[in-house]
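Here the structure is laid out as C-alpha cells; the discussion comes afterwards.
First the proteins, then the strands, lettered A, B, ... as listed; each starts at 1.
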Amino acid sequence: MPEGPSILIAQQAITPVFKGKKILNASGNAKIEMVEFINEKIIDVRTWGKHLLLCLPTETLRIHFLMFGSYSIDKHIKLDRSLRLKLECKEHDLYFYTCSIKQLPGDINEYYDWKADVLSKAWDPKAARKKLKLIPNEMVCDALLNQEIFAGVGNIIKNEVLYRIFLHPETKIKNLPARKLTELITQAREYSFDFLKWKKEFTLKKHWLAHTKRTCLRCNLPFIKKYCGKTQRRTFFCKNCQLLYK
DNA sequence: CTAAATGTTAAGCC
DNA sequence: GGGCTTAACATTTA
C-alpha cells in the first residue's frame, strides 16, 4: 500500500464508484468528527504523494495508510478493531483499515503543493531542484524520502532510483554534478511511473533490481545493506557501480 | 516464534 | 525553538 503509486491505484479504484456519491452514514474508530460529513457529497477523490484525499464540499478527509493501512470496497475484510472508517453510500461502502485519518477544513489547495507530487500532472522538476539547493549537506538517500520535495517517493523507490542512476546513497546534494542532480529529479518521477505500471500488473517485486537484493546484477559483487542517512532506512546499494561524489 | 518492514507523528530531552 | 531520540501505531511476511 504505502508508496505513492499504490495510493494512485487506490484513487483510481475508488473514484468511479464513489465520486459524486453522498455519504449516508459513517462509523469506525478514527478519532474524527463524523457528524461533520454525514449527508455530504464526495465531490472528488485525489492524491498527493502518499495521501489519499476524499474531497467534500467544506472539508477533505485525508487518509494516510502509513506502513500497514488498507482499504476495501463493499466488503468488510479485516478485524473490527482495525476498522478506522466505514463510509456508507447508496449501494456501495468504503472501508479503511489501520490508517491515519484527518479532517482538513476549507480549501484543499491551501494544504498541498501539487508541484511536489512526483506522480502529478503538476509535478515541477524545477521546483524540486530549487528545494534541493537549499539542503546542500543532506544525503541523496534522505532527500529522496523528503515528502516536501518528492511527495510519493518511499523507500523502495529510493533504492531503485539510486541504483538506476548509479548513485551512492550517501552522496551529499552539494557534491552532485548538475547532470546527476537532473537525473535524480527525472528518475524519481520516471521510476514512480514504472512502479505504478508494474504494481498494476502484479509484477513489481520481479522488477526490483536493488531493493532487498544481495548481489549486484551489473557487476556481480555483493550489495551493501545499510541504514543510511538521518532517515535510517534500509538502503541496498553497490559500492562498485554506485558512485560516491565528494 | 521472532523480527523486520513500503511510514509518520508526537512527546520528551538537551 | 531547534534538533535529535524514542515510542507509538499495528499487519504481514520471512
Counting only pairs under 3.5 Å, give me each side-chain donor-acceptor contact of residues 139-160 of chain A, with atom names and distances, residues two or more places apart or in other chains.
{"residue": "A:Asp142", "atom": "OD1", "partner": "A:Lys230", "partner atom": "N", "Å": "3.2"}
{"residue": "A:Asp142", "atom": "OD1", "partner": "A:Thr231", "partner atom": "N", "Å": "3.0"}
{"residue": "A:Asp142", "atom": "OD1", "partner": "A:Thr231", "partner atom": "OG1", "Å": "2.4"}
{"residue": "A:Asp142", "atom": "OD2", "partner": "A:Lys230", "partner atom": "N", "Å": "2.8"}
{"residue": "A:Asn146", "atom": "OD1", "partner": "A:Glu148", "partner atom": "N", "Å": "2.8"}
{"residue": "A:Gln147", "atom": "OE1", "partner": "A:Gly152", "partner atom": "N", "Å": "2.9"}
{"residue": "A:Gln147", "atom": "NE2", "partner": "A:Leu145", "partner atom": "O", "Å": "3.1"}
{"residue": "A:Gln147", "atom": "NE2", "partner": "A:Val153", "partner atom": "O", "Å": "2.9"}
{"residue": "A:Asn155", "atom": "OD1", "partner": "A:Lys158", "partner atom": "NZ", "Å": "2.7"}
{"residue": "A:Asn155", "atom": "ND2", "partner": "A:Arg234", "partner atom": "O", "Å": "3.0"}
{"residue": "A:Lys158", "atom": "NZ", "partner": "A:Arg234", "partner atom": "O", "Å": "3.4"}
{"residue": "A:Lys158", "atom": "NZ", "partner": "A:Thr235", "partner atom": "OG1", "Å": "2.9"}
{"residue": "A:Asn159", "atom": "OD1", "partner": "A:Phe236", "partner atom": "N", "Å": "3.2"}
{"residue": "A:Asn159", "atom": "ND2", "partner": "A:Asn155", "partner atom": "O", "Å": "3.3"}
{"residue": "A:Asn159", "atom": "ND2", "partner": "A:His211", "partner atom": "ND1", "Å": "3.1"}
{"residue": "A:Asn159", "atom": "ND2", "partner": "A:Arg234", "partner atom": "O", "Å": "3.2"}
{"residue": "A:Glu160", "atom": "OE1", "partner": "A:Leu209", "partner atom": "N", "Å": "2.9"}
{"residue": "A:Glu160", "atom": "OE2", "partner": "A:Leu209", "partner atom": "N", "Å": "3.1"}
{"residue": "A:Glu160", "atom": "OE2", "partner": "A:Ala210", "partner atom": "N", "Å": "2.9"}
{"residue": "A:Glu160", "atom": "OE2", "partner": "A:His211", "partner atom": "N", "Å": "2.8"}

For the residue pair A:Tyr97 and A:His76, confirm or rule out a side-chain donor-acceptor distance under 3.5 Å. yes
What does nucleotides 8-14 of chain C look like as a protein-contact string, B for base, S for sugar-phosphate only, - for none, at under 4.0 angstrom between heavy atoms? --BBS--
Which part of the nucleic acid does A:Lys230 contact within heavy-atom distance under 4.0 Å: base, sugar-phosphate only, or nothing? nothing
CD (A:Gln103) and CZ (A:Arg62) are apart, to the nearest 0.5 Å, by 11.5 Å
To the nearest 0.5 Å, how far apart are SG in A:Cys99 and CZ in A:Phe68? 13.0 Å
Taking any heavy-atom pair under 4.0 Å as a contact, classify A:Lys31: base, sugar-phosphate, or nothing. nothing
Between A:Arg233 and B:dG7, is there a side-chain N or O to OP1/OP2 distance below 4.0 Å? yes
note: A:Asn146, atom CG; B:dG7, atom P; distance rounded to Å ~ 13 Å
Check: A:Arg84/A:Ser100 side-chain N/O donor and acceptor closer than 3.5 Å: no
Could you tell me the separation between the CD1 atom of A:Ile157 and the C1' atom of B:dT6, rounded to a whole number of Å? 9 Å
For atom NZ of A:Lys158 and atom P of B:dA5, their distance in whole Å: 11 Å
Do any side-chain nitrogens or oxygens of A:Lys50 fall under 4.0 Å of OP1 or OP2 in B:dT8? yes
Find the distance A:Phe150:CZ to B:dT6:C1' and express it as a whole number of Å. 18 Å
Pull out every stem in DNA chain B, meaning runs of 3 or more consecutive Watson-Crick or G-U wobble pairs with both distances under 3.5 Å. B:2-5 with C:11-14, B:7-14 with C:2-9
Could you give the distance separating B:dT6 and C:dT5 at their C1' atoms, to the nearest angstrom? 23 Å
I need the CD-C1' distance between A:Gln147 and B:dG7, as an integer number of Å. 9 Å
Considering just the side-chain nitrogens and oxygens of A:His211, establish if one lies under 4.0 Å of OP1 or OP2 belonging to B:dT6. yes
Rounded to the nearest Å, what distance is computed from the CG atom of residue A:Leu52 to the P atom of nucleotide B:dT8? 14 Å
For atom CD of A:Gln232 and atom C1' of C:dA7, their distance in whole Å: 16 Å
Return the value, rounded to whole Å, for the distance between atom CG of A:Asn137 and atom C1' of C:dG3. 15 Å
Carboxylate-amine/guanidinium contact A:Glu170 A:Lys226, below 4.0 Å: yes
A:Lys131 with A:Asp113: basic N within carboxylate O range, under 4.0 Å: yes
Please verify the inter-ring angle class for A:Tyr71 with A:Phe96; under 30° counts as parallel, over 60° as perpendicular, anything in between as tilted. tilted
With side chains defined as the heavy atoms from C-beta onward, is the minimum distance between A:Arg233 and A:Tyr227 less than 4.5 Å? no
